[in-house]
Amino acid sequence: MKMTIFDKFQQLAAARKELEQTCDNFFNIVIEKIISGTEAVVNGRPMILAGSNNYLGLSFDSGCIEAACQAARNQGTGTTGSRMANGTFSGHVALEKELAGFFNRQSAIVFSTGYIANLAMLSTLVGPGEIILLDADCHASIYDGCRLGGAEIHRFRHNDSQDLEKRLRRLEKRNINILVVVEGLYSMLGDRAPLADIVTVKNNYGAYLLVDEAHSLGVLGASGRGLAEEAGVEDGVDFVVGTFSKSLGAIGGFCVSNHPELNLVRYASRPYVFTASSSPSIIASTRTALQLLKTGTELRRRLWQNANLLYRKLQGLNLPVGPEPSPIVAVRLKDKAEAVALWSALLENGVYVNLVLPPATPDGNSLLRCSVSAAHTPEQMDKICSAFESQWEVVQSAKTA
């Protein structure tokens with residue numbers, strides 16, 4: 001009997017059915033009403049949002065909202081075309097100039113999503129006959145971009161600059177272009193790349209370096225430019241990619257660079273050429289958010305106050321958290337049933353976090369991935385911490401009963 005086009009999904013369907021039997025909420029989470037950047041009504045229940053990437057809380061900033069509304073009124077709801085056709089408005093050009101200025105780079109390109117930014121840059125910068133060396137824990141969009149371009153792909157052990165150097169040494173004799181790809185702040189466990197060491201290694205072997213600062217923009221560095229700024233190695237990073245969907249509270253992506261050839265990517269990148277450009281409202285709110293980020297020292301202070309509080313509290317409960325404090329606080333549990341039970345219990349107690357299960361996790365553990373925001377109030381942080389404390393005890397008691 002001939003296989004159907006859907007047969008390859010049967011293993012996925014079986015895994016979904018198994019999960020539904022123990023956690024019917026997992027596939028049915030609906031945010032019915034957004035109250036603020038940290039509160040919502042989820043499946044009919046008031047909920048503290050402790051699983052979004054709204055790090056600076058700007059998705060509900062009044063200035064960003066007003067800028068978006070004004071742009072929609074004046075320029076419509078969409079551009080209805082790609083940047084290469086009718087989709088380049090004055091706002092797109094202005095945002096690119098402002099991003100380049102913020103990062104102290106010569107030029108910038110804006111993309112419609114962060115995913116497309118990685119897809120576009122990685123599929124275009126390197127191709128057949130060239131090599132990409134990427135950290136094993138890189139985001140799916142990075143892997144997809146690498147595959148699309150047809151370059152030879154090598155992975156090095158997560159955050160291991162010595163392993164990177166060993167692989168560069170082996171590849172050096174081939175005398176071909178090599179692009180090293182890492183993230184600033186890794187999205188699952190919230191750990192930083194050893195960027196100063198990586199820059200030293202890549203310089204020694206004449207490689208190029210792309211850093212995805214998606215989760216570190218607005219979070220790290222004195223000015224919020226990310227890990228490269230915090231580590232003092234901005235001049236050693238060839239390309240910075242990032243997104244507007246986290247600290248800037250919108251949607252979109254970008255790349256900045258001092259290489260004057262960056263602008264040629266516009267004409268060579270299929271994801272850029274053939275994707276409709278961002279709507280005027282998104283560009284307007286992003287530009288306003290970027291201005292707030294530039295002066296956002298107090299926002300970052302509150303963000304890190306909340307991040308350190310949650311990390312220390314969960315650590316004090318003997319919960320296995322990630323390797324270092326960050327706005328991404330991940331609880332790592334080997335027992336999937338235990339992770340599902342704790343996630344469900346938190347949901348029942350008005351706290352939403354992300355449940356991430358293998359194979360989507362980097363180390364095979366199940367994760368309860370929390371994301372804190374500058375907008376979380378002290379009362380909300382207390383409730384999040386209290387919910388973890390009480391429900392972890394309940395889960396542990398049920399396990400030993």
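One-based numbering along the sequence shown.
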Please identify each residue that fulfils ring-ring contact (aromatic ring centres under 6.0 Å, His included) with [X], with sequence neighbours left out.
X      : result
Tyr186 : His158
Phe102 : none
Tyr115 : none

Which atom of [X] lies closest to which atom of [Y], heavy atoms considered:
X      : Y      : value
Met188 : Ile328 : O-CG2, 3.8 Å
Thr79  : Pro280 : CG2-CD, 4.2 Å
Pro327 : Leu185 : CD-CD2, 4.3 Å
Leu56  : Gly218 : CD2-O, 3.6 Å
Asn354 : Tyr352 : OD1-OH, 3.2 Å
Ser247 : Leu217 : OG-O, 2.6 Å

Give a yes-or-no answer on whether the side chains of [X] and [Y] include a donor-acceptor pair shorter than 3.5 Å.
X      : Y      : answer
Ser257 : Arg105 : no
Thr275 : Ser112 : no
Ser141 : Asp144 : no
Tyr205 : Asn203 : no

Calculate, to the nearest 0.5 Å, the distance between atoms [atom1] and [atom2] belonging to [X] and [Y] respectively.
X      : Y      : atom1 : atom2 : result
Leu293 : Thr288 : CG    : OG1   : 12.5 Å
Ile131 : His154 : CD1   : NE2   : 4.5 Å
Glu183 : Leu195 : CD    : CG    : 12.0 Å
His259 : Leu125 : NE2   : CG    : 9.0 Å
Leu95  : Glu98  : CG    : CD    : 6.0 Å
Leu122 : Cys146 : CG    : SG    : 4.5 Å

Looking at [X], I'd like to know if its [atom1] atom is crowded, meaning that more than 12 non-hydrogen atoms belonging to other residues, nucleotides or ligands lie closer than 6.0 Å.
X      : atom1 : answer
Lys336 : NZ    : no
Gln11  : CD    : no
Arg266 : CZ    : yes

Can I get a per-line list of side-chain donor-acceptor pairs under 3.5 Å for residues 67-74, giving both atom names and the distance, sequence neighbours left out?
{"unit_1": "Gln70", "atom_1": "OE1", "unit_2": "Arg73", "atom_2": "NH1", "d": "3.4"}
{"unit_1": "Asn74", "atom_1": "ND2", "unit_2": "Gln70", "atom_2": "O", "d": "3.2"}

Donor-acceptor under 3.5 Å ([X] side chain, [Y] main chain):
X      : Y      : value
Ser161 : Ile198 : no
Glu213 : Val240 : no
Asp7   : Thr4   : yes
Asp135 : Val182 : no
Glu32  : Gly44  : yes
Arg167 : Arg155 : yes
Asp212 : Ile142 : no
Ser285 : Ile282 : yes
Trp304 : Val219 : yes

Could you walk me through whether Arg169 and Glu172 pass the salt bridge (Lys or Arg N to Asp or Glu O under 4.0 Å) test, one step at a time? CA-CA 5 Å; Arg169 190 184 307 120; Glu172 184 180 24; over 6 Å; no

May I ask you to decide if the ring planes of Phe89 and His92 are parallel, tilted or perpendicular, using 30° and 60° as cut-offs?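 Ring orientation of Phe89 relative to His92: perpendicular.
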
Compare all side-chain heavy atoms of [X] with those of [Y] and state whether any distance is below 4.5 angstrom.
X      : Y      : answer
Ile35  : Met47  : no
Leu148 : Pro271 : yes
Tyr208 : Leu210 : no
Arg301 : Glu298 : yes
Gln391 : Val394 : yes
Arg192 : Glu230 : yes
Thr243 : Asn53  : no
Trp392 : Leu314 : no

Sequence neighbours excluded, every pair satisfying ring pair (Phe, Tyr, Trp, His ring centres under 6.0 Å) that has a member inside residues 306-349: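 Residue pairs with at least one partner in residues 306-349: Phe26-Trp343.
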
Please list all pairs passing the ring pair (Phe, Tyr, Trp, His ring centres under 6.0 Å) test where one or both residues lie in residues 266-289, with sequence neighbours left out.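 Found Phe111-Tyr272.
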
Among all residues two or more places apart in sequence or in another chain, which pass the salt bridge (charged side-chain N to carboxylate O under 4.0 Å, His left out) test with [X]?
X      : result
Arg157 : Asp160, Asp163
Glu20  : Arg16
Asp191 : none
Glu229 : Arg225

Audit row: Ser373, Thr38, side-chain hydrogen bond (donor to acceptor under 3.5 Å, both in side chains) steps and yes/no: CA-CA 8 Å; Ser373 170; Thr38 58; over 6 Å; no

Under 3.5 Å, side-chain donor or acceptor atoms of residues 58-65 against the rest of the protein: list the pairs with distances, not counting sequence neighbours.
{"unit_1": "Ser59", "atom_1": "OG", "unit_2": "Asn54", "atom_2": "ND2", "d": "2.7"}
{"unit_1": "Asp61", "atom_1": "OD2", "unit_2": "Gly63", "atom_2": "N", "d": "2.9"}
{"unit_1": "Asp61", "atom_1": "OD2", "unit_2": "Cys64", "atom_2": "N", "d": "3.0"}

Side chain to side chain contact (heavy atoms under 4.5 Å, CB included) partner of Glu39, chosen from His376, Lys33, Gln380: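 It is Gln380, the one option of His376, Lys33, Gln380 that forms the side chain to side chain contact (heavy atoms under 4.5 Å, CB included) with Glu39.
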
Salt bridge (Lys or Arg N to Asp or Glu O under 4.0 Å) contacts touching residues 358-376 (sequence neighbours left out):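 Listed once each, the pairs are Arg332-Asp363.
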
